[in-house]
Amino acid sequence: MTRLWDRNEPLDRLVLEFTAGEDHALDDRLVAHDVRASAAHAEMLCAAGYLSQADHAAVQRALLAIGAAHARGEWRVALEEEDCHTALENRLTAAVGEAGRRIHLGRSRNDQVLAALRLWLKGELAALAGEAEGVAAALDAIAQSRGALVMPGYTHMQRAMPTTLGGWAGAFAAELRDDATGLAAARRRADLNPLGSAAGYGVPVLALDRSLTTRALGFAAAHEPVTAVQLSRGKAEAGALFEAALLAQDLGRLAADLCLFATAEFGFVRLPAALTTGSSMLPQKRNPDLFELVRGRTGEAAAALAELLAVTAKMPSGYHRDLQLIKKPLFRGFDSVSASARLLAHALPGIEFDEARMRGAVDPSLRAAERAYRMVVELGLPFREAYRRAQET
Ligand code: ARG
């Protein structure tokens, strides 16, 4: 397998390993999307008269077969190929010969990688929003079945006022739905079709129809002007990682509450044995490691965002190979938050709440503000006077 730009001059092995690095392996996630974008590009080339009907049909059949074989795990992007775009074109040419060698007309790997990444990102944003909704639904179920259970509300980790389990669960459910809305809104920047911008300065000579690939791939519009496309690389990814980081924060705070509630001192929740881990030394222990790790992983998406922003910061305009370094933190950040969300949606239904312990923690002092408000309403006292009297009762 050769690289698309090879001119029979051997590439230094260390340079290949350094430049293609992990990128070829990361690109395995993009293969299905590159197949889709390549099919749309071929359809456009055919409609514009640059690819015959027969070549087009052969290319479409081969793309489907190559994509399906990849999905079955029958091939992977090899280091020698650098990236998924090269791997795909190599296989296409091997399958259909001359027709495969016509497909790269009017495009560059620079717009190709953006098309595949944006298709990937749109899918992942929807999937992660769905996972946030899944955790919210598990909290809804808790609120519905045991929402009336009384428990203390805390400020400064001190008991403040009575609240209910429904109030606690409903708060997290609402914020997780807000995170899902944020993730859905982050789609905007990923919804622009980069195809047709080619290396970053458009396509000379040819009359390409960008609206055809825009429609075929379900993008909201073509990204204009073509010179802005490479400048935008990383922005859709950064917006998405920011929203993912906010979701991670809410999942981490939910997990932090559950760690606290599972202590003997609180005793509000009991975790079934299957959800806990043991101690190698202390036979009596069952630990809430799963919630600790969700809490501990809160920083991963934020760290990924910082890494990504450092790649594009101060970079001159146009394409630079640095830009491929965005993929790794992007995938890592999304994987992290998605794993935490799926774990919590899985674990929440198994949690038991101890009604007596929760109610027992609501001592009469927590109703002091309530007593003061009654004195205001029933006796007409100024609030400050009622506040003073409520302290004494
Ligand atoms: N792996 C590359 C990336 O993610 C693909 C584009 C390569 N383009 C190039 N001109 N070398 O940016």
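In what follows, every heavy atom counts, from backbone to side chain, and hydrogens, waters and symmetry copies are set aside. Just so you know, ligand 1 is whichever comes first in the structure, and atom 1 is the first atom listed for that ligand.
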**Request:** Decide whether the shortest distance between a heavy atom of Arg233 and an atom of ligand 1 is less than 4.0 Å.
**Result:**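 Yes, Arg233 has a heavy atom closer than 4.0 Å to ligand 1.
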Where is the nearest protein heavy atom to [atom]: which residue, which atom, and how far?
atom: atom 7 (C) of ligand 1; value: Tyr319 OH, 3.4 Å
atom: atom 1 (N) of ligand 1; value: Asp23 OD2, 2.8 Å
atom: atom 10 (N) of ligand 1; value: Asn110 OD1, 3.1 Å
atom: atom 11 (N) of ligand 1; value: Arg109 NH2, 3.5 Å

**Asked** So is there a nitrogen or oxygen of Asp27 less than 3.5 Å from a nitrogen or oxygen in ligand 1?
**Response**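 No - when backbone and side-chain N and O of Asp27 are compared with those of ligand 1, no distance drops under 3.5 Å.
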**Asked** Do any N/O atoms on Arg321 end up under 3.5 angstrom from N/O atoms on ligand 1?
**Response** no
**Asked** Should the pair Arg29 and Trp120 be classed as cation-pi, given the thresholds of under 6.0 Å to the six-membered ring centre and 45° from the axis?
**Response** no
**Request:** Is it possible for you to check whether Arg102 lies under 6.0 Å from the centre of the six-membered ring of Tyr50, through NZ or CZ, and within 45° of that ring's axis?
**Result:** no
**Asked** Above 12 or not: heavy atoms from other molecules or residues under 6.0 Å from OH of Tyr387?
**Response** no
**Within reach of ligand 1, part of Lys327 (heavy-atom separation under 4.0 Å)** =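 Lys327 to ligand 1: side-chain contact only, backbone stays beyond 4.0 Å.
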**Prompt:** Of all the atoms in ligand 1, which lie at a distance below 4.0 Å from a heavy atom belonging to Val113?
**Reply:** 4 (O)
**Request:** Starting from the C-alpha separation in whole Å, work towards a yes-or-no answer on salt bridge (charged side-chain N to carboxylate O under 4.0 Å, His left out) for Glu237 and Lys327.
**Result:** CA-CA 9 Å; Glu237 295 93 321; Lys327 281 184 273 194; over 6 Å; no
**Atom pair CD/CZ of Glu292 and Arg297 - distance to nearest 0.5 Å** = 14.0 Å
**Request:** Using distance alone, with no hydrogens and no angle criterion, decide if Ser336 and Glu300 have a side-chain donor and acceptor under 3.5 Å apart.
**Result:** yes
**Prompt:** Strictly under 6.0 Å, is that where the ring centroids of Phe383 and Tyr373 end up?
**Reply:** yes
